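Worksheet for the structure shown next.
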Amino acid sequence: MADKSSSNAYWAANIRLIKICLVIWFVVSFGFGILLRPMLSGIGVGGTDLGFWFAQQGSIIVFLILIFFYAWRMNKLDAEHGVEE
């Protein structure tokens, strides 16, 4: 029974981490790049406005950061639950 609860705890933590990463990615790509673009248009970044930057480059950079964060956090989570490679 302890094995089953440990497995459930591992998958619950995994799903929670995935949800957090997806929410961050959605907010950055859709929120900042599309919905909040008019509000961010007055802030300049690299010769263009911040909303355009998020739509073109910022969401991609955040996505790459999230990939590395997810891999790092999953390695720690695997070690905590004893399922590391």
Side-chain angles (χ1 to χ4, degrees):
M1 186 71 175
D3 191 350
K4 180 80 169 168
S5 79
S6 175
S7 175
N8 288 341
Y10 172 76
W11 283 108
N14 185 4
I15 296 299
R16 185 176 59 245
L17 179 61
I18 290 171
K19 287 179 182 179
I20 290 169
C21 289
L22 285 175
V23 166
I24 291 170
W25 187 33
F26 175 80
V27 168
V28 169
S29 63
F30 189 72
F32 291 161
I34 297 172
L35 296 178
L36 298 177
R37 186 166 185 257
M39 292 174 50
L40 299 172
S41 66
I43 304 169
V45 171
T48 186
D49 64 85
L50 187 60
F52 181 77
W53 185 84
F54 268 114
Q56 297 301 313
Q57 295 172 340
S59 60
I60 296 169
I61 292 170
V62 170
F63 180 65
L64 290 173
I65 291 169
L66 283 174
I67 289 172
F68 287 110
F69 170 76
Y70 177 78
W72 169 77
R73 186 62 186 111
M74 279 307 297
N75 283 336
K76 285 183 65 174
L77 192 65
D78 289 347
E80 289 172 10
H81 291 274
V83 291
E84 59 204 341
E85 293 179 3

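Predicted model only: the values in this text are computed from it and were never measured. Heavy atoms only: backbone and side chains are in, while hydrogens, waters and symmetry mates are out.
Remark: Asn14 engages Tyr70 in a side chain to side chain donor-acceptor pair (under 3.5 Å) (not counting sequence neighbours). Under the salt bridge (charged side-chain N to carboxylate O under 4.0 Å, His left out) criterion, Arg16 pairs with no residue at all, not counting sequence neighbours.
Screening residues 41-66 for salt bridge (charged side-chain N to carboxylate O under 4.0 Å, His left out), with sequence neighbours left out, gives Arg37-Asp49. Within the structure, salt bridge (charged side-chain N to carboxylate O under 4.0 Å, His left out) pairs that include any residue of residues 6-15 do not occur (at least two apart or interchain). Annotation: salt bridge (charged side-chain N to carboxylate O under 4.0 Å, His left out) contacts involving residues 55-80, sequence neighbours excluded, comprise Arg73-Glu80. Residue pairs meeting the salt bridge (charged side-chain N to carboxylate O under 4.0 Å, His left out) criterion with at least one member in residues 54-69: none, sequence neighbours excluded. Pairs engaging residues 18-35 under the side-chain hydrogen bond (donor to acceptor under 3.5 Å, both in side chains) rule: none recorded [sequence neighbours left out].
Both Trp72 and Ile18 belong to a common hydrophobic cluster when Ile, Leu, Val, Met, Phe, Trp and Tyr are linked at side-chain heavy-atom distances under 4.5 angstrom.
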Side chains of residues 57-67: which donor-acceptor pairs under 3.5 Å do they make with residues two or more places apart or in other chains?
{"from": "Gln57", "atom 1": "OE1", "to": "Trp53", "atom 2": "NE1", "distance (Å)": "2.9"}
{"from": "Ser59", "atom 1": "OG", "to": "Phe54", "atom 2": "O", "distance (Å)": "3.4"}

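To the nearest 0.5 Å, atom CG of residue Leu22 and atom CG of residue Leu17 are 9.5 Å apart.
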